[in-house]
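These values consider heavy atoms only, across backbone and side chains, with no hydrogens, waters or symmetry-generated copies. Numbered from 1 within each chain, the chains take letters A, B, ... in sequence-line order. All figures in this text were calculated on a predicted structure; none of them were measured in a lab.
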Protein chains: 2
Amino acid sequence: MEWSDLRIFLAIARAGTLGAAARSFGQSQPTMGRRLRALETAIGHTLFQRTGDGFVLTDEGSALLAHAERIEEEVLAAQRQLDGDDRQLGGTLRISSSDWFGIHLLTPVFAEFAKLQPRVVIELLTDHRLYSLPRREADIAFRITPFREAEVISRRLMHIEYGVYLKSGFKPPRAGDGAGTPLITMDMAFSDVPDAVWLQRVLPNAHIVSRSNNRDVQARMCGQGAGVAVLPRPLGDGIAGVRRIDLGEQPPGRNTYVGYHRDLKRQARLRALLDLVIERLAN
Amino acid sequence: MEWSDLRIFLAIARAGTLGAAARSFGQSQPTMGRRLRALETAIGHTLFQRTGDGFVLTDEGSALLAHAERIEEEVLAAQRQLDGDDRQLGGTLRISSSDWFGIHLLTPVFAEFAKLQPRVVIELLTDHRLYSLPRREADIAFRITPFREAEVISRRLMHIEYGVYLKSGFKPPRAGDGAGTPLITMDMAFSDVPDAVWLQRVLPNAHIVSRSNNRDVQARMCGQGAGVAVLPRPLGDGIAGVRRIDLGEQPPGRNTYVGYHRDLKRQARLRALLDLVIERLAN
DNA sequence: GGTTATCCATTCATATTTGAATGGATAAAT
DNA sequence: ATTTATCCATTCAAATATGAATGGATAACC
């Protein structure tokens with residue numbers, strides 16, 4: 001049984017004749033007659049009596065009419081819900097990013113977005129797992145490496161400068177040496193990131209006192225006077241009690257990329273959030 | 001939007017891949033893919049994310065899934081109801097017949113049918129209107145004239161003999177005369193029915209004292225001694241206190257026909273009732 | 001690294017559905 | 001009685017949907 005034939009049945013029941021139903025439904029009279037016949041055959045019951053004046057519902061037809069009307073209501077409810085979500089940009093967006101990026105750069109933008117689109121729920125995931133966009137583990141991802149997946153649409157979002165930071169009032173280390181200088185750096189798994197490598201090259205005699213995979217942790221240790229740290233400038237410049245020091249050269253910056261799955265290209269809420277992020281952060 | 005495509009959507013959501021859905025649904029993979037695309041276009045939302053491992057519901061897809069499942073339940077409820085009506089022979093049957101025929105001949109059969117099929121409600125209409133079968137004013141009609149409508153399926157049901165009746169103990173009139181004999185006969189509109197014409201021919205000098213369109217009224221008057229009446233024998237033979245008299249020749253009998261609309265040919269309850277009526281009454 | 005299995009998307013031939021045109025039946029108007 | 005309008009059913013050509021075959025991509029296994 002074709003569910004769509006129920007819609008034909010509804011139209012005929014309401015119009016009372018095949019011709020009138022055809023005209024209002026936008027399909028030809030013989031087609032509607034045939035599809036009604038197909039429905040009657042599929043369902044095993046005569047739904048109308050055919051007269052010269054039109055079609056009269058049988059008892060079975062009347063019973064089915066009640067069901068068909070409820071089905072129609074459910075279809076319309078579905079359409080209203082989806083239209084409403086679209087127009088009101090309701091729904092959830094799952095975002096993945098690194099921790100400091102999410103905390104310091106994304107939250108202001110998301111707070112602004114929440115005021116603009118109060119019905120969108122943003123779920124920000126900041127652990128180090130690489131969330132799979134194809135598997136819908138995340139809808140939008142911010143990464144420091146370019147996206148390689150074919151089904152991901154991405155762009156470079158911004159360039160982030162890094163800086164070297166030390167607690168205010170502490171004596172800066174000597175560039176090219178660093179003896180006696182405690183370092184705060186990335187954890188072992190990320191010890192090969194460009195800024196960590198750079199720091200050990202510039203202060204070859206310094207010693208590491210603290211490792212973390214969390215930039216905020218590094219920043220807090222630095223602020224407590226534990227040592228020297230390379231931090232993204234958006235983060236470091238905002239930490240109280242630390243200053244940026246000059247070691248004669250700049251640490252390497254990083255690009256940040258944003259990507260989403262191509263199947264969500266036309267999703268209104270994703271587009272709206274992305275537009276705002278780009279407007280506020282892109283450089 | 002084709003409602004049937006919702007069924008495709010349901011199958012894919014449940015199977016998780018296009019191929020598996022196609023195999024279980026009995027339609028090819030490309031067709032299901034196309035119909036899903038058509039649905040997504042019609043509804044204006046992406047319902048699945050396509051991955052190498054199969055299809056993953058979007059939020060919109062999940063919302064629609066809930067609606068689609070309710071629609072499916074409604075369709076199945078409709079099918080169960082119609083199947084149940086059919087199997088249990090539930091529903092209404094509207095029957096039209098003349099009054100005495102309904103009262104004396106049909107009621108015993110209908111009482112028996114009610115015991116066999118307690119869920120069928122029989123509505124017996126015995127006024128003189130010619131109920132229209134095409135307009136579903138009646139489902140089955142019993143008439144003394146053959147059915148002429150093209151869409152009506154009919155058959156001769158039985159031959160009914162008529163007899164002349166008089167109160168027991170009264171003196172029979174003289175055939176060919178009837179002077180001084182009161183007659184009980186049909187009303188003016190039906191004064192030309194064969195038995196009424198016959199009675200006046202056989203007793204040309206008799207006088208009419210009572211007319212009625214109701215055979216039971218005629219029989220009751222006869223039983224009260226009001227006069228002579230021609231009655232259908234199934235009726236007259238059952239009246240207490242009257243006897244059938246012989247005027248030298250038999251009054252004309254009548255055939256009774258039964259008809260129903262051809263669109264109801266396969267309706268189970270109609271067939272069942274008709275079979276029982278034929279079994280009990282046909283001659 | 002090569003092979004196999006599984007996935008979805010696309011192409012092209014075939015099957016099915018659809019609609020314009022026509023015809024028969026009926027009712028209403030003239 | 002004839003004409004007109006409206007109804008549904010049927011035929012045949014055109015349009016659309018469908019499925020078999022094929023190809024590209026990915027993951028798992030050897």
Rounded distance (Å) that lies between atom [atom2] of [N] and atom [atom1] of [X]:
| X | N | atom1 | atom2 | result |
| --- | --- | --- | --- | --- |
| A/Arg37 | C/dT18 | CZ | C1' | 18 Å |
| A/Gln49 | D/dC8 | CD | P | 14 Å |
| A/Glu2 | C/dT16 | CD | P | 14 Å |
| A/Asp5 | C/dT16 | CG | C1' | 14 Å |
| B/His261 | D/dC8 | NE2 | P | 13 Å |

To the closest 0.5 Å, what do you measure between [atom1] ([X]) and [atom2] ([Y])?
| X | Y | atom1 | atom2 | value |
| --- | --- | --- | --- | --- |
| A/Leu6 | A/Leu36 | CG | CG | 10.5 Å |
| A/Met32 | A/Asp5 | CE | CG | 9.5 Å |
| A/Leu64 | B/Leu82 | CG | CG | 6.0 Å |
| B/Arg143 | B/Arg254 | CZ | CZ | 13.5 Å |
| A/Ile160 | A/Leu105 | CD1 | CG | 6.0 Å |

**Asked** Going by an N to O cut-off under 4.0 Å, is there a salt bridge joining B/Asp139 and B/Arg269?
**Response** no
**Request:** Determine, for A/Glu73 against A/Arg70, whether the closest basic-nitrogen to carboxylate-oxygen distance falls under 4.0 angstrom.
**Result:** no
Output a table of nitrogen or oxygen pairs between the protein and nucleotides 19-22 of chain C separated by less than 3.5 Å.
from	atom 1	to	atom 2	distance (Å)
C/dG19	OP2	A/Ser28	N	3.1
C/dG19	OP2	A/Ser28	OG	3.2
C/dG19	OP2	A/Thr31	OG1	2.9
C/dG19	N7	A/Arg34	NH2	2.9
C/dG19	O6	A/Arg34	NH1	3.2
C/dG19	O6	A/Arg34	NH2	3.2

**Request:** Pick out which of B/Arg50, B/Arg35, B/Arg34 makes a salt bridge (Lys or Arg N to Asp or Glu O under 4.0 Å) with B/Glu40.
**Result:** B/Arg50
**Residue of the set A/Phe25, A/Phe48, A/Trp3 for which ring-ring contact (aromatic ring centres under 6.0 Å, His included) holds with A/Phe9** = A/Phe48
**Pairs flagged by side-chain hydrogen bond (donor to acceptor under 3.5 Å, both in side chains) wherever residues 15-30 of chain B is involved - sequence neighbours left out** = B/Ser28-B/Thr31
**Request:** Name every residue in residues 12-23 of chain B that has at least one heavy atom under 4.0 Å from any atom of DNA chain D, in order of residue number, or write none if there are no such residues.
**Result:** none
**Message:** If the cut-off is 4.0 Å, is B/Arg35 near the phosphate of D/dT18, judged by side-chain N/O to OP1 or OP2?
**Reply:** yes
**Asked** Within less than 4.0 Å of OP1 or OP2 of C/dA9, is there a side-chain N or O belonging to B/Arg50?
**Response** yes
**Message:** side-chain contact (heavy atoms from CB on, under 4.5 Å), that's the test. Do B/Leu39 and B/Met1 meet it? Break it down for me.
**Reply:** CA-CA 6 Å; B/Leu39 179 63; B/Met1 185 185 91; 3.7 Å; yes
Return the polar atom pairs (N/O with N/O) between nucleotides 26-28 of chain C and the protein under 3.5 Å, or none.
none

**Fill in**
Residues B/Phe101 and B/Leu281: closest non-hydrogen pair is CZ-CD1, 4.4 Å
**Request:** Can you pull out how bent the helix from C/dG1-D/dC30 to C/dT30-D/dA1 is, comparing the axes over its first five and last five pairs, to 10°?
**Result:** 20°
**Message:** Once side-chain hydrogen bond (donor to acceptor under 3.5 Å, both in side chains) is applied, do any residues pair with B/Arg271, and if so which ones, sequence neighbours excluded?
**Reply:** B/Tyr260, B/Asp275
